[in-house]
Every structure is written in structure tokens, then in C-alpha cells.
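The next block holds one structure in the form of C-alpha cells; read it before the comments.
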Amino acid sequence: MQTLGALLLQLMYLYSFLIIGYILLSWFPNARESSLGQFLGRVVEPYLEPFRRFVPPLGMIDLSPIVAIIVLNLARTGVAALFGLT
């Protein structure tokens, strides 16, 4: 069971980097329209959308990815505690 827990932790860690990569693509013009940007959008947007409903943007800055990463890290802590991987 610890192997499954370790795998889940690694996947959640990787997913947080995918979110960061998707955020960084917004800094470059037309980067989200590239094949990499479209792939990341299909993978990350379903997770980010519920946070965008509850976290309003501050002007042009969208804070929902930051909240989403914090929630993902809290979930990682829970998974680590659940599988005894502290």
C-alpha cells in the first residue's frame, strides 16, 4: 500500500508542476494555442475551473491557480498521512 501512496504523491506533485507550466504559458503570446498549451489546458482546466468560480480575479491577475495548488498540497499531506508516508 505504501507503493500506491508514494505513486499518488508523485502524481500529485507532477500535477502541481503542470499547473505552474500552464500558468507560465499565459505570459507568452499565443503559447496556449500551441499543441503543448492545448494539452496542458485539457489536463489542468477541469481542476482549475471550480476554483475560478469561487476566487474572483484581482484586476488582470487570476489567483485561482494559487489556491488550487495550495489545496493540492493539502491533499498531498492528507494522502501522505493516510498511507503513513510522513
Side-chain angles (χ1 to χ4, degrees):
M1 284 303 270
Q2 286 188 343
T3 305
L4 178 63
L7 178 65
L8 280 173
L9 287 177
Q10 290 300 319
L11 289 174
M12 293 169 94
Y13 188 69
L14 175 67
Y15 196 73
S16 64
F17 277 107
L18 291 177
I19 293 171
I20 292 170
Y22 186 67
I23 294 167
L24 291 176
L25 285 179
S26 70
W27 293 1
F28 302 101
N30 298 323
R32 286 192 177 172
E33 285 76 31
S34 68
S35 59
L36 175 64
Q38 290 177 357
F39 170 74
L40 287 176
R42 284 192 305 269
V43 172
V44 170
E45 278 296 330
Y47 178 69
L48 290 179
E49 185 179 339
F51 294 100
R52 287 198 175 117
R53 288 187 208 143
F54 296 109
V55 180
L58 293 175
M60 303 252 332
I61 300 173
D62 184 14
L63 297 177
S64 60
I66 296 170
V67 175
I69 290 173
I70 291 171
V71 169
L72 189 60
N73 284 336
L74 289 173
R76 285 186 69 229
T77 304
V79 167
L82 184 66
F83 286 97
L85 300 172
T86 56

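If you read the sequence from its start, that first residue is 1, and numbering goes on from there.
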TODO: To the nearest 0.5 Å, tell me how far L82 CG sits from L4 CG.
DONE: 9.5 Å

Task: For the student: nearest non-hydrogen atoms of A31 and S34, plus distance - done: O-OG, 2.7 Å

Task: Joint cluster assignment, L72 & I20, ILVMFWY side-chain distance < 4.5 Å - done: yes

Task: Reported CD-to-CG distance for the pair E33 and L25, which is rounded to 0.5 angstrom - done: 10.0 Å

Open item on the list: Please report the interatomic distance CE(M12) to CG(L74), rounded to the nearest 0.5 Å.
Closed with: 9.5 Å

Task: Shortest non-hydrogen contact from S26 toward R32 - done: CB-NH2, 3.3 Å

Task: Point-to-point distance, once rounded to the nearest 0.5 Å, from CZ of F83 to CG of L9 - done: 8.5 Å

Open item on the list: Taking W27 as the starting point, is it possible to reach L18 by hopping between hydrophobic residues whose side chains are less than 4.5 Å apart?
Closed with: yes

Open item on the list: Is there a side-chain contact between L7 and T3 in this structure, where contact means two heavy atoms from C-beta onward sitting under 4.5 Å apart?
Closed with: no

TODO: Not counting sequence neighbours, list each pair that qualifies as a salt bridge (charged side-chain N to carboxylate O under 4.0 Å, His left out) and has a residue in residues 47-74.
DONE: E45-R52, E49-R53, R52-D62

Open item on the list: Please find the pair of heavy atoms, one from G41 and one from P46, that lie closest to each other, and give the distance.
Closed with: O-CD, 3.9 Å

Task: same_hphob_cluster(L14, L24) at 4.5 Å side-chain heavy-atom cutoff - done: no

Task: Closest contact, heavy atoms only, P65 versus I23 - done: CB-CD1, 3.2 Å

Open item on the list: Using only atom types and a distance under 3.5 Å, with no angle test, would you say the side chain of Y22 pairs donor to acceptor with the backbone of V44?
Closed with: no

TODO: For residues L11 and Y15, determine if any side-chain heavy atom of one lies less than 4.5 Å from a side-chain heavy atom of the other.
DONE: no

Open item on the list: A quick test of your reading: do over 12 heavy atoms of other residues, nucleotides or ligands sit less than 6.0 Å from CD1 of I61?
Closed with: no

Open item on the list: If I take atom CD1 from residue I69 and atom OG from residue S64, how far apart are they, to the nearest 0.5 angstrom?
Closed with: 10.0 Å

Task: ILVMFWY cluster, L63 and F54 together (side-chain gap under 4.5 Å) - done: no

